[in-house]
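First the proteins, then the strands, lettered A, B, ... as listed; each starts at 1.
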2 protein chains.
Amino acid sequence: MKQKQTFALKGNLIYTKEIGTLEILEQHYLVCEEGKVQGIYPELPEQLCGIPVEELGDRLIIPGLTDLHVHAPQYSFRSLNMDMELLEWLETNTFPEESKFQDLDYAKKAYGIFTENVKHSATTRACIFGTIHNEATLLLMDQLEEAGIAAMVGKVNMDRNSPDYLRETSAEESAKATRAWIQAVAERHYERVQPILTPRFTPSCSDELMELLHGIQKETGLSVQSHLSENPGEIAWVQELCPWSKFYGDAYDHFGMFGGECRTIMAHCVYSGDEEIQRMKENGVFIAHCPESNTNLSSGIAPVRRYLDEQIPVGLGSDVAGGTTENLFAAMRHAIQASKLRWRLSDQSLQPLNMEEVFYLASKGGGAFFGKVGSFEPGYEFDAVILDDARLEHPQPLNVKQRLERVIYLGDEREVAGKYVAGRKVL
Amino acid sequence: MKQKQTFALKGNLIYTKEIGTLEILEQHYLVCEEGKVQGIYPELPEQLCGIPVEELGDRLIIPGLTDLHVHAPQYSFRSLNMDMELLEWLETNTFPEESKFQDLDYAKKAYGIFTENVKHSATTRACIFGTIHNEATLLLMDQLEEAGIAAMVGKVNMDRNSPDYLRETSAEESAKATRAWIQAVAERHYERVQPILTPRFTPSCSDELMELLHGIQKETGLSVQSHLSENPGEIAWVQELCPWSKFYGDAYDHFGMFGGECRTIMAHCVYSGDEEIQRMKENGVFIAHCPESNTNLSSGIAPVRRYLDEQIPVGLGSDVAGGTTENLFAAMRHAIQASKLRWRLSDQSLQPLNMEEVFYLASKGGGAFFGKVGSFEPGYEFDAVILDDARLEHPQPLNVKQRLERVIYLGDEREVAGKYVAGRKVL
């Protein structure tokens, strides 16, 4: 099916226009025109009669999901050696594994597994960390483009506090490699995959490197992704490294990479204080909430309800390999579950998240980082996932909303029966 | 293969003799004689040469897992309408659904789904709540026997604080029905399935009913299962209902159904105080730790490390439908994850659980309620699960322990390639 052709999917549509609500349209037509949602109809109007229709029977159709934070090279060691906190975990598991990606054969194999699994998931968009290695990162981008995933992918910058085998030799070298990588990406003319600037986190990036990356950001207009306020030890370390910073986020903002002119995603924000929250709000920084990772690394639980109340944009991240799975249904249930434990154990002023809210976060919430993505409202990119929930047997009749709730709690790639990204069928 | 025949499985054996340690024997023979583990050998000794050997190649072989707490009738509404606490959830979801099991056609369909899914899981033993209905509970027991699962199943007792449609008319009627059910079970001569007395929880059972059940327990020697200290609202209610009780568990112990002569499982124990813990320890009460349920119903996180330090017997429960899945690998990961959040958010004096510890809880820990179950030590019941983890691709070599860790975090019924219960192949 050509991308430009007008066509329709017919089935049970579920999407959300605003957080906390669901739009449910049973046995409706979802029309795609020029890769975008043209409209939803109970019956096709006359001018659309004759367009191809994919009849999906009783299946569910939801918007494609966005993974706002995931480390592709870490997919290989997901679920291994999980019993440590962030900084020890980085030294013990992450850095040795990421160093292997200087070997392109290894990268091809490892990224092949990652890409194949993302392809079969409900994810249509993702913001992805690679490694410091240009060639491996380009290879990952090639694979994602081939798989049809609309991804922002970052070659990672690290010039300090990292082992010799995974550290760029200077700020200048890191910046130079970044420019070369951006140039190589441009020459590949990807249709779906874009570069994103990716200073790993403040402890890994010298002030000089941050300054240079800011220059590249201003020149290129690229977006930025990094980590923020994930773990108490990390936060204390940033304060030592940047004693001039008012709070962790200020150490990014100081270099112009914290929202505002520079579209920015910050992962985690478990411990953001009032000032940091205020700055994120003013600057329109996106938060990637990664509940499973924050649990596995004993980081804590982010106050997502507060971010929502403050109208800070929030989406969900799988954060493999702090998280164990690319499955964003799992991220949704983890977000509900973590919010309930936070309510019970720490702070009953913040109500737990519910299923409508986490569905929003995973679809329109995170999708907003890519523009008009994550909804079936007219003009949105036609990212659609077809769900066949027949595996999840039940003895009683269930309505469409209940079926979605079951997929959120129990679903994985087995429920994903088809997928469109910006109007193109990729699965 | 006949149950009585001596045979061996050959593969990579993993089990645990004591909590916190793993026994790993690669490419060894696990010999079954008369339904029990006869021994483990690197090569078969002369006297065993010629016995049938199931060659399992590089697969993993672990002891069967025990689900110490699960509600079979709730399987039908798992993952639905989860955004409430225990008492509201019981009224809204549980009681209406459980009342449907007076209809045997419905029960057959619903229990059929439950039994089939348990059969394909890594669970070989389970302690299961039915409903108040004798016929449906017998039907469930028939199905489990047919599936080869070694289960203790309880017809539930409820004579107060329950809706008319799901309440026995008096303590006497409830006791009478219980005797009739026990008699009917005896007449069926099950090989694997046993009855267990199941007062739902103190709020559902009058003092008079508890007294009558105690009489039945003394006559029959049956074990008992119930709920304890799950939710703050529940605990306050028990104190109102039994103002004479020193603590919630005392309201069971008062009627002789809290360990000691009466083998007892109590599910949850999220809020057990010092006195209750001391009594459980003295009486040898088993605790069924149900981390996912305690999260989904915003109950809290049980101090499992303390129970282990006190040497109270602990196993894991899926607690469907407070939990969403029969998969005990999920219960293991949830137990680790919950313990990490408890450490971070409430109490850094209790170290989080690690993978070796939760593997013990799900195998030998819970298995102990059934006797010598959950280990491959000689004389243990031959409950064995064969795991094929080929689905969980990885680019680097992994050792057997790492492969088990991945199954704990990522595994489900797809990894279960075979299963033996007390020497009989059931899958």
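When all heavy atoms of A:Q396 and B:E97 are compared, the pair lying nearest together is NE2-OE1, 4.3 Å. Closest heavy-atom contact between A:L341 and B:G300: CD2-O, 4.1 Å. Closest heavy-atom contact between A:Q337 and B:N296: NE2-OD1, 2.9 Å. What you find for B:H394 and A:S76 is that their closest heavy atoms are CB-O, 4.5 Å. Residue B:T295 comes nearest to A:K340 through the heavy atom pair O-CD, 3.4 Å, listed as atom of the first residue, atom of the second, then distance. Residues B:I301 and A:L345 come closest through the heavy atom pair CD1-CD2, 3.7 Å.
Identified under the salt bridge (Lys or Arg N to Asp or Glu O under 4.0 Å) test for residues 322-334 of chain B, with sequence neighbours left out: B:R78-B:E326.
Rounded to the nearest 0.5 angstrom, A:E85 CD and B:W343 CH2 are separated by 4.0 Å. Expressed to the nearest 0.5 Å, how far CG of A:N327 lies from CG of B:L410 amounts to 10.5 Å. Going from atom CD of A:E393 over to atom OH of B:Y75 covers 9.0 Å, rounded to the nearest 0.5 Å. Of the inter-residue distances, the one linking B:Y409 atom OH with A:L80 atom CG reads 10.0 Å to the nearest 0.5 angstrom. If you take CD1 on A:I336 and OG on B:S298, they are separated by 10.5 Å, rounding to the nearest 0.5 Å.
Heavy atoms closer than 4.5 Å to chain B are found in the side chain of A:D412, but not in its backbone. Contact of B:S339 with chain A is not made at all, since no heavy-atom distance falls under 4.5 Å. Of the two parts of B:K100, only the side chain, counted from C-beta on, holds a non-hydrogen atom closer than 4.5 Å to a non-hydrogen atom of chain A.
Ranked by non-hydrogen atom pairs under 4.5 Å with chain A, the options B:T324, B:L398, B:N294 are led by B:T324.
Applying a 4.5 Å heavy-atom cutoff, the residues of residues 347-355 of chain A that approach chain B are A:L353, A:N354, A:M355. Identified by a heavy-atom distance below 4.5 Å to chain A, the contributing residues of residues 102-116 of chain B are B:Y106, B:K109, B:A110, B:I113, in residue-number order.
Counting heavy atoms from C-beta outward, B:R344 and A:P232 have side chains that approach closer than 4.5 Å.
Annotation: ring pair (Phe, Tyr, Trp, His ring centres under 6.0 Å) contacts of A:H133 (sequence neighbours excluded): none.
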